Amino acid sequence: MNQSIRVRYAPSPTGMPHVGNIRTALFNWLFARHHGGTFIVRIEDTDASRKVEGALEDILESLRWLGLDWDEGPEVGGECGPYFQSQRLDLYQKHARQLVEAGHAYPCFCSPQRLDDMRREQTQRKQPPGYDRHCRELPQGEIDRLRDGGTVPVVRFKIPLQGQTNFGDLIRGDVTFENSTLDDFVILKSDGYPTYHLANVVDDHLMRISHVLRADEWLSSTPKHKLLYDALDYKPPYWAHLPMILGPDRAKLSKRHGAASLTEFRDRGYLPQAMTNFLALLGWSLDDRTELMDRKELVEHFSLERVGKTGAIFGMDKLDWMNGVYLRKLTTPELTDLAMPFLERDLASSIPRPLDREYVLRIMPLLQERIRTLGKAHLPSGDAPSGGELPELAEFFFPDNLQHDPERLRGKKLSPEGAREALG
RNA sequence: GCCCCCAUCGUCUAGUGGACUAGGACGCUGGCCUUUCAAGCCGGUAACAGGGAUUCGAAUUCCCUUGGGGGCACCA
């Protein structure tokens, strides 16, 4: 047991986790398991307004589905709890206060209106948008006056006016930012909640996180975090920014990419072992030929050194192929058990329910070698069907539905009667 | 607009100065097998973004250009 390796997956419950989010969770989990370390789940719910009902359950369910068990976090607790940031507000407030007292942060009374106007003007003049540090050097008397006047300030971090901030990244190498390009970001909002930056740094330190494995999109906020660690006199963790998973249009994965949520893949009939294997190969590889690996092999071989730097498009074709491979690895009874709920759900309604498992078991060998998913796509987004959906292929063997089939089957010689005959 | 990151087949990738006439996989495609389809097996298609530099020798090192992505909120 390596006591020093502690990593976390820190999702925000603002929606369904997509494959990019879960790939990050997977890499953290693989890294922890490979090193005999600890995998922690922490919920970053510091924005009440963006909270989505059911998102938390969806996140945990996605992790469970893939078998990514966590050692500390929701439902299991742990010595560094609570694991919901909304239950740790006093800690962040204490740290914010401490930073103000040490001269690393300051209260800012600027109104949202003023900030908005300022940004709009900067953008118009094609200047980089950023806070103008209006409140950075307010005299104490002025601060007291504004506070007494009822304005609740935010707390901003003081970025050094000169110099540069440098940090190492296990995947990217050395990265340097000019401090002049960073602005005095908010660490504590006026409602008393911390922003991501503060909460993240405070918690990673308090939870003794050794390695921060997160998506590339965070790279440009890392200098802020580094500065925060320095100001707090905390030792920063090792950073490893993972290449992003992109949509077919090469852009960051988002809601409009439809089929990206994990539970949706589950509902369409993808196997968790196929999903895990496929996701592991997005940004990581073992060598020049090994592709099919089970959970145990992935844990055994995973290493940060073999994580790439290039963003990867989430390509459905290969996932469909791989799912078919895993489907074929199952024994026929195993497959039948997994398939029954999907058939009950997706077979034409004209076929009487409940389905006869014995019959399904008999036709399954004919289906197993050609299916790619267990269910049908139900996609409003209109994704192209994979062409290997079990219910569609299985309908051929249910007489009630025969009249609809002839065109769909490429084998023209085989009659439905012949098919049933072939079954013995 | 500014800052940061990245750059090998359509896609996922191997490759860390010579073993590269650039390897594997998906996809596409030809064949075999097979009563059909599929699966399986065998084969084919297809890439080092461009330009300089370093070197006896660059996919591999450096610089520039171009391209792509990400970030720049009292969101994470």
Side-chain angles (χ1 to χ4, degrees), chain A residues 10-15 21 44-47 49-50 85 108 110-112 115-116 119 122-131 152-156 169 171-173 175-178 180-183 185-197 199-200 214-224 241 243-246 248-252 278 281-292 305-306 308-322 324-325 327-328 365-372 387-388 393 396 409-415 418-419 422:
Chain A
S12 174
T14 55
N21 301 138
E44 311 224 323
D45 53 349
T46 56
D47 185 357
S49 70
R50 289 213 312 155
Q85 291 187 325
C108 167
C110 292
S111 69
L115 295 174
D116 201 52
R119 258 187 294 269
Q122 287 166 330
T123 306
Q124 261 169 23
R125 287 193 324 226
K126 304 210 169 192
Q127 297 292 307
Y131 182 57
V152 183
V154 300
V155 177
R156 287 181 185 274
D169 183 282
I171 295 170
R172 312 277 152 192
V175 183
T176 303
F177 285 73
E178 291 295 330
S180 61
T181 65
L182 271 24
D183 77 343
F185 60 100
V186 173
I187 57 176
L188 196 70
K189 309 178 215 174
S190 57
D191 63 2
Y193 277 68
T195 58
Y196 168 83
H197 307 295
N200 202 259
R214 61 174 26 155
D216 222 12
E217 56 187 312
W218 296 106
L219 191 61
S220 44
S221 45
T222 306
K224 295 174 181 172
H241 287 90
M244 303 224 294
I245 293 185
L246 283 7
D249 56 356
R250 285 216 153 276
K252 184 176 167 180
F278 182 72
L281 258 16
L282 251 29
W284 175 84
S285 64
L286 172 58
D287 53 33
D288 63 339
R289 56 195 66 252
T290 314
E291 298 213 287
L292 266 13
E305 282 123 61
R306 296 207 57 87
K309 298 177 176 180
T310 323
I313 292 177
F314 185 82
M316 217 55 135
D317 280 351
K318 192 157 181 174
L319 171 62
D320 285 346
W321 163 76
M322 193 172 276
V325 170
L327 248 14
R328 258 166 259 128
L366 263 16
L367 267 7
Q368 183 161 18
E369 59 191 28
R370 74 196 65 200
I371 57 176
R372 292 158 100 83
L393 294 169
F396 182 71
L409 292 166
R410 277 184 273 179
K412 298 182 181 65
K413 284 189 184 172
L414 185 65
S415 68

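Per chain, numbering begins at 1; letters A, B, ... match sequence-line order. Note that the structure is a prediction, hence the values are computed from the model and not measured.
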Rounded to the nearest 0.5 Å, what separation is found between the CZ atom of A:Phe177 and the CG atom of A:Leu219? 5.5 Å
Please tabulate, one pair per line, each protein N/O and nucleotide N/O from nucleotides 62-67 of chain B that are separated by under 3.5 Å, including the distance.
none

Report the residue (A:Leu182 or A:Leu319) whose heavy-atom-nearest nucleotide on RNA chain B is the more 5′ of the two. A:Leu182
If we take the P atom in both B:A22 and B:C48, what is their distance in whole Å? 10 Å
Listed partners of A:Lys189 passing salt bridge (Lys or Arg N to Asp or Glu O under 4.0 Å), at least two apart: none
Scan nucleotides 39-45 of chain B nucleotide by nucleotide, 5' to 3', and note B when protein non-hydrogen atoms come under 4.0 Å of the base, S if they reach only the sugar-phosphate, - if neither. SS-----
Round to a whole Å and report the spacing from CG of A:Asp317 to P of B:C12. 12 Å
With sequence neighbours left out, what residues match A:Asp249 under salt bridge (Lys or Arg N to Asp or Glu O under 4.0 Å)? A:Arg256
Polar atom pairs (N or O), protein with nucleotides 18-21 of chain B, under 3.5 Å:
none

Can you measure A:Lys309 atom NZ to B:U8 atom C1' for me and round it to whole angstrom units? 15 Å
Please state the P separation for the pair B:C32 and B:A38 - nearest whole angstrom. 14 Å
Nucleotide forming a Watson-Crick or wobble pair with B:G10, both distances under 3.5 Å: B:C26
Donor-acceptor pair, A:Thr181 side chain versus A:Glu178 backbone, under 3.5 Å? yes
Partner of B:C72 by Watson-Crick or G-U wobble geometry, both contacts under 3.5 Å, or none? B:G1
Would you kindly check whether a donor in the side chain of A:Lys318 faces an acceptor in the base of B:C12, or vice versa, at under 3.5 angstrom? yes
First locate atom CG of A:Asn200, then atom CZ of A:Arg214, and finally report the distance between them rounded to the nearest 0.5 Å. 5.5 Å
Take atom CG of A:Leu366 and atom P of B:A38, then tell me their distance rounded to the nearest Å. 14 Å
In whole Å, I'd like the distance from the CD1 atom of A:Ile245 to the P atom of B:C6. 18 Å
A:Tyr193 to A:Asp191 - nearest heavy-atom pair and separation: N-OD1, 2.9 Å
Could you list all N or O pairs between the protein and nucleotides 46-48 of chain B that sit under 3.5 Å apart?
none

Separation of B:A38 atom C1' from A:Phe396 atom CZ, nearest Å, is 13 Å
Starting at CZ of A:Arg172 and ending at P of B:C4, how long is that distance when rounded to a whole Å? 15 Å
Please classify the nucleic acid contact of A:Thr176 as base, sugar-phosphate, or nothing, using heavy-atom distances under 4.0 Å. sugar-phosphate
Which pair of heavy atoms, one from A:His197 and one from A:Ser221, lies closest together, and at what distance? CE1-CB, 3.6 Å
Taking the same atom, C1', in B:A14 and in B:U60, what whole-Å distance lies between them? 13 Å
Between A:Arg372 (side chain) and A:Gly324 (backbone), is there a donor-acceptor pair under 3.5 Å? no
Determine the interatomic distance between C1' on B:U55 and the same-named atom on B:U61; round to the nearest Å. 10 Å
For B:C32, the Watson-Crick or wobble counterpart (both distances under 3.5 Å): B:G40
Strand-adjacent residues in residues 284-292 of chain A, judged by heavy atoms under 4.0 Å from RNA chain B: A:Ser285, A:Asp287, A:Asp288, A:Arg289, A:Glu291
Check whether any side-chain N or O of A:Asp183 sits under 3.5 Å from a backbone N or O of A:Tyr131 as a donor-acceptor pair, and report yes or no. yes
Distance, C1' atom - from B:G18 to B:U34, rounded to whole angstrom: 48 Å
Could you give the distance separating B:G10 and B:A46 at their C1' atoms, to the nearest angstrom? 9 Å
Spacing of A:His241 atom NE2 and A:Asp169 atom CG [to the nearest 0.5 Å]: 6.0 Å
A:Glu369: what forms a salt bridge (Lys or Arg N to Asp or Glu O under 4.0 Å) with it, not counting sequence neighbours? none
Base, sugar-phosphate, or nothing: which does A:Gly283 touch, judged by heavy atoms less than 4.0 Å apart? sugar-phosphate
Might you point out which heavy atoms bring A:Met244 and A:Lys252 nearest each other, and give the distance in Å? CE-CG, 4.2 Å
How close do A:Ser12 and A:Glu44 get, counting heavy atoms only, and between which atoms? OG-O, 3.3 Å
P spacing across the pair B:A73 / B:C3, given as an integer number of angstrom: 16 Å
Which residues satisfy the side chain to side chain contact (heavy atoms under 4.5 Å, CB included) test with A:Gln122, sequence neighbours excluded? A:Met118, A:Arg119, A:Gln127, A:Pro129
Under the salt bridge (Lys or Arg N to Asp or Glu O under 4.0 Å) test, residues paired with A:Arg250 that sit two or more places apart: none
Exercise answer: donor-acceptor pairs, residues 308-317 of chain A side-chain atoms, under 3.5 Å, sequence neighbours excluded:
none

Pairs under 3.5 Å (N/O, protein and nucleotides 69-76 of chain B):
{"from": "B:G70", "atom 1": "OP1", "to": "A:Lys252", "atom 2": "N", "distance (Å)": "2.8"}
{"from": "B:G71", "atom 1": "OP1", "to": "A:Lys252", "atom 2": "NZ", "distance (Å)": "2.4"}
{"from": "B:G71", "atom 1": "O4'", "to": "A:Ser220", "atom 2": "OG", "distance (Å)": "3.3"}
{"from": "B:G71", "atom 1": "O2'", "to": "A:Ser220", "atom 2": "OG", "distance (Å)": "3.1"}
{"from": "B:C72", "atom 1": "O2'", "to": "A:Pro129", "atom 2": "O", "distance (Å)": "3.1"}
{"from": "B:C74", "atom 1": "OP1", "to": "A:Arg119", "atom 2": "NH2", "distance (Å)": "3.3"}
{"from": "B:C74", "atom 1": "OP2", "to": "A:Arg156", "atom 2": "NH2", "distance (Å)": "3.4"}
{"from": "B:C74", "atom 1": "O2", "to": "A:Ser190", "atom 2": "N", "distance (Å)": "2.9"}
{"from": "B:C74", "atom 1": "O2", "to": "A:Ser190", "atom 2": "OG", "distance (Å)": "2.8"}
{"from": "B:C74", "atom 1": "N3", "to": "A:Ser190", "atom 2": "OG", "distance (Å)": "2.9"}
{"from": "B:C75", "atom 1": "OP2", "to": "A:Lys189", "atom 2": "NZ", "distance (Å)": "2.9"}
{"from": "B:C75", "atom 1": "O2'", "to": "A:Asp47", "atom 2": "OD2", "distance (Å)": "3.1"}
{"from": "B:C75", "atom 1": "O2'", "to": "A:Arg50", "atom 2": "NE", "distance (Å)": "2.9"}
{"from": "B:C75", "atom 1": "O2'", "to": "A:Arg50", "atom 2": "NH2", "distance (Å)": "3.1"}
{"from": "B:C75", "atom 1": "O2", "to": "A:Arg50", "atom 2": "NH1", "distance (Å)": "3.3"}
{"from": "B:C75", "atom 1": "O2", "to": "A:Arg50", "atom 2": "NH2", "distance (Å)": "3.4"}
{"from": "B:A76", "atom 1": "OP1", "to": "A:Thr46", "atom 2": "OG1", "distance (Å)": "2.9"}
{"from": "B:A76", "atom 1": "OP1", "to": "A:Lys189", "atom 2": "NZ", "distance (Å)": "2.6"}
{"from": "B:A76", "atom 1": "OP2", "to": "A:Tyr196", "atom 2": "N", "distance (Å)": "3.0"}
{"from": "B:A76", "atom 1": "O4'", "to": "A:Arg50", "atom 2": "NH2", "distance (Å)": "3.4"}
{"from": "B:A76", "atom 1": "O3'", "to": "A:Glu44", "atom 2": "OE1", "distance (Å)": "3.2"}

What distance separates A:Asn21 CG from A:Ile245 CD1, expressed to the nearest 0.5 Å? 9.0 Å
Closest heavy-atom pair, A:Thr195 versus A:Val186, reported as atoms and distance to 0.1 Å, is OG1-O, 2.8 Å
Taking A:Asp45 for the side chain and A:Gln85 for the main chain, is one N or O donor matched with an acceptor at less than 3.5 Å? yes
For A:Lys126 and B:G1, give me the distance from atom NZ to atom P, rounded to whole Å. 6 Å
When the C1' atoms of B:C42 and B:A53 are considered, how many whole Å apart are they? 46 Å
To the closest 0.5 Å, what do you measure between OG1 (A:Thr290) and CG (A:Asp288)? 7.5 Å
